[in-house]
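What follows is one structure encoded as structure tokens, with my remarks underneath.
All figures in this text were calculated on a predicted structure; none of them were measured in a lab. Naming convention: chains lettered A, B, ... in sequence-line order (proteins, then strands); numbering from 1 in each chain. These values consider heavy atoms only, across backbone and side chains, with no hydrogens, waters or symmetry-generated copies.
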There are 2 protein chains.
Amino acid sequence: MNDALVKVNGCWHISSMTKAPAKIPKSDKTRQAILEAAQRLFYERGYDGASVRQIAKEVPIDPAMIMRYFGSKEGLFSAAVLIDLKLPNPEDIPQDKAGERLVRHFLMLWEGERSTLGLPILLRSAVSNQDASDKIRAIFEKQVAPTIAGITSLDDADTRAGLIVSQLFGLALCRYILRLPPVVDMTEEEVVARIGPIIQHHIGSSV
Amino acid sequence: MNDALVKVNGCWHISSMTKAPAKIPKSDKTRQAILEAAQRLFYERGYDGASVRQIAKEVPIDPAMIMRYFGSKEGLFSAAVLIDLKLPNPEDIPQDKAGERLVRHFLMLWEGERSTLGLPILLRSAVSNQDASDKIRAIFEKQVAPTIAGITSLDDADTRAGLIVSQLFGLALCRYILRLPPVVDMTEEEVVARIGPIIQHHIGSSV
DNA sequence: CGCGGAAGTCAACGAGCGTTGGCAAAATAA
DNA sequence: TTATTTTGCCAACGCTCGTTGACTTCCGCG
């Protein structure tokens, strides 16, 4: 399963989870409809939980069309999950505000508009699907870790990035997936006020 | 799906996920073998990912026996997942060491012996399975939140418990499921040193 | 011994899954 | 017009799933 992250006009794509059909038939209308249904179902149930047939029924379209448009379920998954964390440039972040900024950015990734659904989908899929967790590791390595390394001035930036991601993923897990009431009930501002300083602490400033 | 947490000789059980077969045939040998195989597979793949047939093949035994012993897949799941977090009494924890103690306890839950596998199994299952996340919420409510409330002297104990669980689940997610290298590579002592103070901070002492 | 019940095997069910190839309709090109 | 490509539906494949009921084997008790 030799895939790689490829940057195409500003967005990260996964290339060749399986080899895509060379000629893309382009009825962009239905292609887009399939993608949107796929995003919603993958988001709600993860890779294994969402079936091609369910997605097809939502469009609605015949399941065979999905195979023609995307080659396989994995091809559809790759196309549906655009993984661009849109992390800001490290230079644009004042170091003493980095914690707050990162938490706000992360909340936006989860609560924001459709185009950034990739992370929720991946997290939901990664628990039961090996490929999805491989991808999360790749994203960590190529997008998160470098950004953190660019912000902090300390040496063990990788460990610090890991701790930051642990905190943010834990937040997402409890707030959006497990839906623990106290974590769900916090307003966005409360979350920023509570978690921001912790991220800031990991980056290296005082808490 | 009206189940409840019931405490039986010191351990939390889930009662009646479906109604259990009234008369339990008791070849305790194979019953135990089935339970152990089920625990391992549920642990590795979650509720949806592990199949009755796979579990049966591991024992090895005919899948039909599992139905006879546990009534259904859900019955097996309920029997396999004993959820006793074995949280220490709040009075036994010196408040200024609570962060360290809780992190050590949580690591023990994940890396320790078989009898406490319930939490990993539930977390892996909860992402795709509604019942499992219901159970996690119940455990939070009945075991975690009261313990935290007993330790901290502050008023918003529920929110603090939520934040603590967010941090600990995020750690488990990155370390044991996503296997992010920097988080995996930390020694147990490093984890305690890095995460302990954060838990301590949430409890209310200074960091 | 025989008998009864428990322990275990076997084959099958209906359903859902990803995927395939063939065929009809529609659009497009010649 | 005819010919060709695109777009879509349909039926089926081989598979795994949870679950069922009939069947055999074994063990203990009289």
Given [options], which nucleotide is nearest the side-chain atoms of [X]?
{"X": "Y69(A)", "options": "dG8(D), dT19(C), dG8(C)", "result": "dG8(D)"}
{"X": "R53(B)", "options": "dT19(C), dT7(D), dA12(C)", "result": "dA12(C)"}
{"X": "I61(A)", "options": "dC9(D), dC17(D), dT20(D)", "result": "dC9(D)"}
{"X": "M65(A)", "options": "dG18(C), dC9(D), dT19(D)", "result": "dC9(D)"}
{"X": "A64(A)", "options": "dT19(D), dG21(C), dT19(C)", "result": "dG21(C)"}
{"X": "M67(B)", "options": "dT20(D), dC17(C), dT7(D)", "result": "dT20(D)"}

Testing the basics here: between [X] and [Y], what is the closest heavy-atom pair and its distance to 0.1 Å?
{"X": "A56(A)", "Y": "D62(A)", "answer": "CB-C, 4.0 Å"}
{"X": "T152(B)", "Y": "R160(B)", "answer": "OG1-CD, 4.4 Å"}
{"X": "F140(A)", "Y": "G162(A)", "answer": "CZ-N, 3.7 Å"}

Could you give the [atom1]-to-[atom2] distance, from [X] to [N], as a whole number of Å?
{"X": "I34(B)", "N": "dT9(C)", "atom1": "CD1", "atom2": "C1'", "value": "14 Å"}
{"X": "R68(B)", "N": "dC23(D)", "atom1": "CZ", "atom2": "P", "value": "14 Å"}
{"X": "E74(B)", "N": "dC17(D)", "atom1": "CD", "atom2": "C1'", "value": "14 Å"}
{"X": "Y47(B)", "N": "dC17(D)", "atom1": "OH", "atom2": "P", "value": "13 Å"}
{"X": "I66(A)", "N": "dC9(D)", "atom1": "CD1", "atom2": "P", "value": "11 Å"}
{"X": "R31(A)", "N": "dT6(D)", "atom1": "CZ", "atom2": "P", "value": "14 Å"}
{"X": "K73(B)", "N": "dA15(C)", "atom1": "NZ", "atom2": "C1'", "value": "15 Å"}
{"X": "I55(B)", "N": "dC17(D)", "atom1": "CD1", "atom2": "C1'", "value": "12 Å"}

Within the pair S51(B) and dC17(D), is there a side-chain N or O less than 4.0 Å away from OP1 or OP2?
yes

Examine dG8(D): is either OP1 or OP2 under 4.0 Å from a nitrogen or oxygen in the side chain of T30(A)? Give yes or no.
yes

Name the orientation class of the two ring planes belonging to F106(B) and F169(B) (parallel below 30°, tilted from 30 to 60°, perpendicular beyond 60°).
tilted

Should the ring pair F77(B) and F42(B) be called parallel, tilted or perpendicular, given that the plane angle runs from 0 to 90° and is split at 30 and 60?
perpendicular

Which comes earlier along DNA chain C counting from the 5' end, the contact point of Q54(A) or that of D62(B), where each point is its nearest nucleotide?
D62(B)

In terms of the nearest nucleotide of DNA chain C, which residue is placed more toward the 5' end: D48(A) or P60(B)?
P60(B)

